[in-house]
Structure formats: C-alpha cells, structure tokens
Amino acid sequence: MSSSSQTGSSTGGPRPWLILSLAMAGGATVANLYYAQPLIGQIGNSFGVDVSAAGLIVTVLQLGYVAGLFFIVPLGDLIENKRLILITLAGVIVSLIAAATAINIWVFIAASLLLGLTATATQMIVPIAAHLTPENRRGQVVGTVVSGLLLGILLARPLSTLFGGQFGWRAMYGLSGAVMCVALLIMALALPRRHPKHSLSYSTLIASLWHLLLTTPVLQRRAVYQAFFFGAFTMFWTAVPLLLEAPPFSLGHVALSAVMLSGVIGAFIAPLAGRLADKGHGQAVTGISIGLLAITFVLTWLGSSGSLVLFIIAGITLDAGTQANLVVGQKAIYALPAEIRSRLNALYLAIFFLGGAVGSALSGFAVTRGGNAAFSAIGLGFAAFAFALFVTEFRRARGCAG
C-alpha cells in the first residue's frame with residue numbers, strides 16, 4: 001500500500017480530515033438501504049401496487065446487500081482498493097438514477113437490487129481505515145468511521161420521512177444521487193491507493209470464505225454477538241414507529257421523526273468504545289453493551305403505559321450498546337492478518353445482517369400478536385442469549401488458566 005504524507009504517516013495513521021471523509025462517505029452510502037422503508041406506501045401508490053407487493057423492495061435491498069457482502073466485498077483482498085471503491089460508488093449513483101426514473105415497479109425493484117449490491121461500498125471503506133491505522137489507534141479510528149455509518153442509518157429514516165413526504169419519493173432518490181456524486185468526488189481525491197498482496201483467483205477467494213468461517217473463532221464469536229445486537233436493533237426501529245403511531249402515543253410523522261432522531265446520540269459512543277478497546281478493555285465494553293441492550297427493553301416495557309421519554313432513552317441506550325459492541329468486534333477482526341481482512345469483514349457483516357433480518361421478521365409478529373409486551377420480551381431474549389455467550393468467555397479463560 002502506498003500513501004502520502006498528506007493522508008497519514010507510518011506511525012500516526014490517517015489525518016483527521018481523511019477519517020472524517022471516510023465516515024461521511026460510508027454514512028451517505030449505507031443510508032441508501034433505509035430511504036425506502038418510510039416511503040413504501042408512497043412508492044406502491046405511484047406504481048399502482050399494494051403495500052404488501054411494494055414491501056418486496058425492502059427485501060430485495062437486503063438480499064442485494066447480503067449478496068454484495070459475499071461476492072463483492074471480498075474483492076478488497078484481490079483488487080486495488082481505491083479503484084474498487086470508486087467503481088462501486090459509481091454503481092450506487094447509477095442505481096439511484098434508475099430508481100428515481102423507474103417507469104414501473106419491476107424496474108424499481110431491479111434498481112433496488114443493484115442498489116443493495118453496490119451499497120456494500122461502505123464495507124470496503126471501513127477496512128481501508130483499519131489498513132491505514134497502526135494497531136494502537138485502530139479501535140479509535142474504526143470507531144469514528146463506524147459512527148458515520150450509524151449516523152447514516154439513523155438519519156436515513158427521518159430524512160426520508162420528512163423530505164420524501166414533502167417532495168415525493170423520486171425527489172428523495174434524486175437528492176441521494178447528488179449526495180453520492182459528492183461522496184464519489186471526495187473519495188477520488190482523498191483515498192490513497194492500496195494494492196492487496198494476493199495472487200488468488202476470484203473463485204478461490206470466494207471458496208475460502210467457508211474455510212475462514214470455520215477456522216476463525218474470533219470471527220465466529222464476534223459475529224454471533226453482533227447478530228443478537230443487530231436483531232434487537234432492527235426489531236426496535238421497525239416496531240417502535242408502529243407502536244408510537246398507535247394509542248396511547250398517536251404520534252404524527254413530524255413527531256415520530258424527532259423521536260427517531262434521538263437515537264443519533266448513541267452513535268457518538270463509538271470513538272470512546274474504540275479507545276477502550278485499544279487499551280485492552282474490549283471484554284468490559286462487551287459486557288456493558290449487553291447490559292445496555294437489556295436496559296433498552298426494560299425501558300420499553302415500562303414505557304408502554306404512555307411514557308414517551310422512556311422510549312427515547314431506550315433508543316439511545318440501544319444505539320450506544322449496538323455501536324460499542326460493533327466497534328469492539330471490528331477491532332478484534334481487524335487485528336487478524338491484513339491479507340484476509342476484507343473477507344473476514346464480509347463474513348462478519350453478512351452473519352449479523354442475517355440476525356437483523358430475523359429481528360425485522362419478529363417485529364411485525366410481536367406488534368400484531370402481543371404488542372409492546374411481546375416486543376419487549378423478545379428484545380430481552382436477544383440480550384439473554386448474548387449474555388449466555390458472554391459468560392462462556394470467562395469459562396474458557398478459566399479453562400486456559402487451568
């Protein structure tokens with residue numbers, strides 16, 4: 001890898017402006033996965049299809065993203081990274097233009113599939129931050145970049161609700177296309193080049209994913225942790241709007257957007273979690289994160305009587321815990337050999353996104369069948385499973401000591 005003194009040094013890592021650029025580009029890219037969710041009804045109406053059919057859009061986006069994690073992100077271990085990122089970001093722009101100008105639902109769904117595939121560029125940007133940063137600062141820098149990603153996720157829904165509601169869903173996709181043009185320009189100017197040290201063919205590279213999953217205990221453990229967290233995260237942010245739109249809250253779109261924005265506060269915990277991980281306190285951060293996850297659903301249980309404040313606090317604690325655990329997990333994975341880092345990151349993300357898919361599926365079931373009580377109980381179940389896994393770390397440590 002070659003980098004200039006403008007981007008960083010061999011000891012200090014990337015300069016603050018480059019870290020900020022990576023965070024902004026990553027956040028803007030990943031946000032594209034979430035713009036459609038509040039606009040499903042509007043999109044369906046414009047194409048003359050019902051909400052259940054329009055709901056395929058979100059499914060296709062997620063399937064495209066998982067496919068991209070498996071088949072595109074690992075190319076970061078094979079192809080020069082800057083070129084790969086720029087090509088993929090250009091694909092995002094093409095997808096957004098196709099979506100904004102779609103003449104029927106099938107063109108829009110095809111554009112959504114391509115958008116999911118190419119939005120994985122954000123998961124090429126995070127490993128670049130790790131590659132540029134020495135071990136003693138890697139957790140902090142990765143945490144800052146991941147904060148940008150979480151901000152993109154958290155801001156996408158309220159922005160889409162407000163802007164798309166005012167100007168239409170096509171305008172929302174057009175706005176995102178303009179933002180991505182800026183992100184592409186920034187990455188073209190800011191990113192240093194990195195040539196991975198690999199001579200594998202593409203087929204061998206993809207085939208190696210299964211072997212890496214089976215032979216990397218750190219990846220297995222951290223991916224399962226984050227699957228529980230992301231399952232709870234997606235369930236919460238899918239179900240809470242439904243709960244808050246119904247009595248006793250009966251919130252409108254503007255008030256609901258404000259509540260969803262409150263979770264952004266939790267995103268700022270990532271750099272702190274990264275610093276603690278750099279100092280060897282990753283296990284403690286994991287334990288605290290699990291505690292925050294449990295507290296989240298205790299608060300939602302208590303808030304069912306009509307306390308909006310408790311739901312707001314719950315959103316903050318959930319985002320803080322999810323973010324902190326994510327940073328510790330990526331810190332642990334990025335400590336492994338650089339030549340397999342992109343593939344490890346792809347596996348890590350694909351596994352916990354499957355957890356998120358489970359959470360999304362459970363959210364509708366919980367709200368319609370059991371309301372807030374069932375929703376909170378399922379969330380506490382996620383926390384309990386994560387805690388059970390956490391306890392095994394201490395048993396393993398005692399076994400090694402013995």
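It should be emphasised that the depicted structure is a prediction, and the values quoted were computed from it without experimental measurement.
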### Query
So, does Asn32 use its side chain to make a donor-acceptor pair with the main chain of Thr29 at under 3.5 Å?
yes

### Task
Would you indicate whether the side-chain heavy atoms of Ile206 and Pro74 approach each other to under 4.5 Å?
yes

### Task
Would you indicate whether the side-chain heavy atoms of Val358 and Met235 approach each other to under 4.5 Å?
no

### Query
In Å and rounded to the nearest 0.5 Å, what is the OG1 to CZ distance from Thr88 to Arg83?
11.0 Å

### Query
Do Leu261 and Leu155 touch side chain to side chain, with heavy atoms closer than 4.5 Å?
yes

### From Leu115 atom CG to Ile109 atom CD1, the distance as rounded to the nearest 0.5 Å
13.5 Å

### Query
Sub-3.5 Å donor-acceptor pair from the side chain of Ser160 to the main-chain atoms of Arg157, do we have one?
no

### Nearest-0.5 Å distance that lies between atom OG in Ser112 and atom CG in Leu63
11.5 Å

### Task
Work out which heavy atom in Gln220 is nearest to a heavy atom in Thr215; give both atom names and the distance.
NE2-N, 4.2 Å

### From Asn81 atom CG to Leu86 atom CG, the distance as rounded to the nearest 0.5 Å
10.5 Å

### Query
CZ of Phe387: more than 12 outside heavy atoms within 6.0 angstrom?
no

### Query
Side chains of Thr392 and Arg221: closer than 4.5 Å at any heavy-atom pair?
yes

#### Entry: Steps toward ring pair (Phe, Tyr, Trp, His ring centres under 6.0 Å) verdict (Phe167, Phe163)
CA-CA 6 Å; Phe167 300 104; Phe163 189 87; 4.9 Å; yes

### Query
Would you find more than 12 non-hydrogen atoms of other residues, nucleotides or ligands less than 6.0 Å from Met187 atom CE?
yes

### Query
According to the interplanar angle, ranging from 0 to 90°, do the rings of Phe297 and Phe236 count as parallel (below 30°), tilted (30 to 60°) or perpendicular (above 60°)?
perpendicular

### Query
Side chain of Tyr202, backbone of Phe71: donor and acceptor closer than 3.5 Å?
yes

### Message
In terms of relative ring orientation, are Trp169 and Phe108 parallel, tilted or perpendicular, with 30° and 60° separating the classes?
### Response
perpendicular

### Message
Tell me if a side-chain donor or acceptor on Arg170 pairs with a main-chain N or O of Ala102 at a distance below 3.5 Å.
### Response
yes

### Task
Could you go through the side chain to side chain contact (heavy atoms under 4.5 Å, CB included) check for Met124 and Leu75 one step at a time?
CA-CA 9 Å; Met124 305 169 193; Leu75 286 170; over 6 Å; no

### Task
Identify the heavy atoms of Leu33 and Leu61 that sit nearest to each other, and give their distance.
O-CD1, 3.8 Å

### Message
Set out, in order, the CA-CA distance, both residues' side-chain angles and the distance that settles side chain to side chain contact (heavy atoms under 4.5 Å, CB included) for Leu292 and Leu318, then state yes or no.
### Response
CA-CA 6 Å; Leu292 291 172; Leu318 175 64; over 6 Å; no

### Message
For Leu114 versus Ser95, what's the shortest heavy-atom pair and its separation?
### Response
CG-OG, 3.0 Å

### Query
So, the side chain of Asn372 versus the backbone of Thr300: is there a donor-acceptor pair under 3.5 Å, distance only?
yes

### Query
Is there a side-chain contact between Tyr173 and Thr101, using heavy atoms and a 4.5 Å cut-off?
no

### Message
Quick one about Asp319 and Trp237 (side-chain donor to acceptor, distance below 3.5 Å, no hydrogens or angles considered), yes or no?
### Response
yes

### Inter-residue atom distance Arg343.CZ - Leu205.CG, 0.5 Å rounding
5.0 Å

### Query
When rounded to the nearest 0.5 angstrom, what is the spacing between CG in Leu69 and CD1 in Ile72?
9.0 Å

### Task
Specify whether Phe352 and Tyr348 have parallel, tilted or perpendicular ring planes, treating 30° as the upper limit for parallel and 60° as the lower limit for perpendicular.
perpendicular

### side chain to side chain contact (heavy atoms under 4.5 Å, CB included) partner of Gln226, chosen from Leu326, Ile351, Leu349
Leu326

### Query
What's the shortest heavy-atom distance between Ala277 and Val328, and which atoms?
CB-CG2, 4.4 Å

### Task
Check whether any side-chain heavy atom of Asn325 sits under 4.5 Å from a side-chain heavy atom of Leu293, and report yes or no.
no

### Message
Please evaluate residues Phe353 and Thr234 with respect to the criterion side chain to side chain contact (heavy atoms under 4.5 Å, CB included), reporting the C-alpha separation (whole Å), side-chain torsions for both, the decisive distance (0.1 Å), and the verdict.
### Response
CA-CA 9 Å; Phe353 257 84; Thr234 56; over 6 Å; no

#### Entry: N/O donor-acceptor pair under 3.5 Å between Lys82 side chain and Ala188 backbone
yes

### Whether Phe230 and Phe233 hold their rings parallel, tilted or perpendicular, with breakpoints at 30° and 60°
parallel

### Query
Can you name the nearest heavy-atom pair linking Ser176 to Tyr35, along with the distance?
OG-CE1, 3.4 Å

### Query
For Leu299 and Thr317, which heavy atoms make the closest approach, and how far apart are they?
CD1-OG1, 4.4 Å

### Message
Walk me through whether Phe70 and Leu347 qualify under side chain to side chain contact (heavy atoms under 4.5 Å, CB included).
### Response
CA-CA 7 Å; Phe70 279 121; Leu347 287 166; 4.1 Å; yes

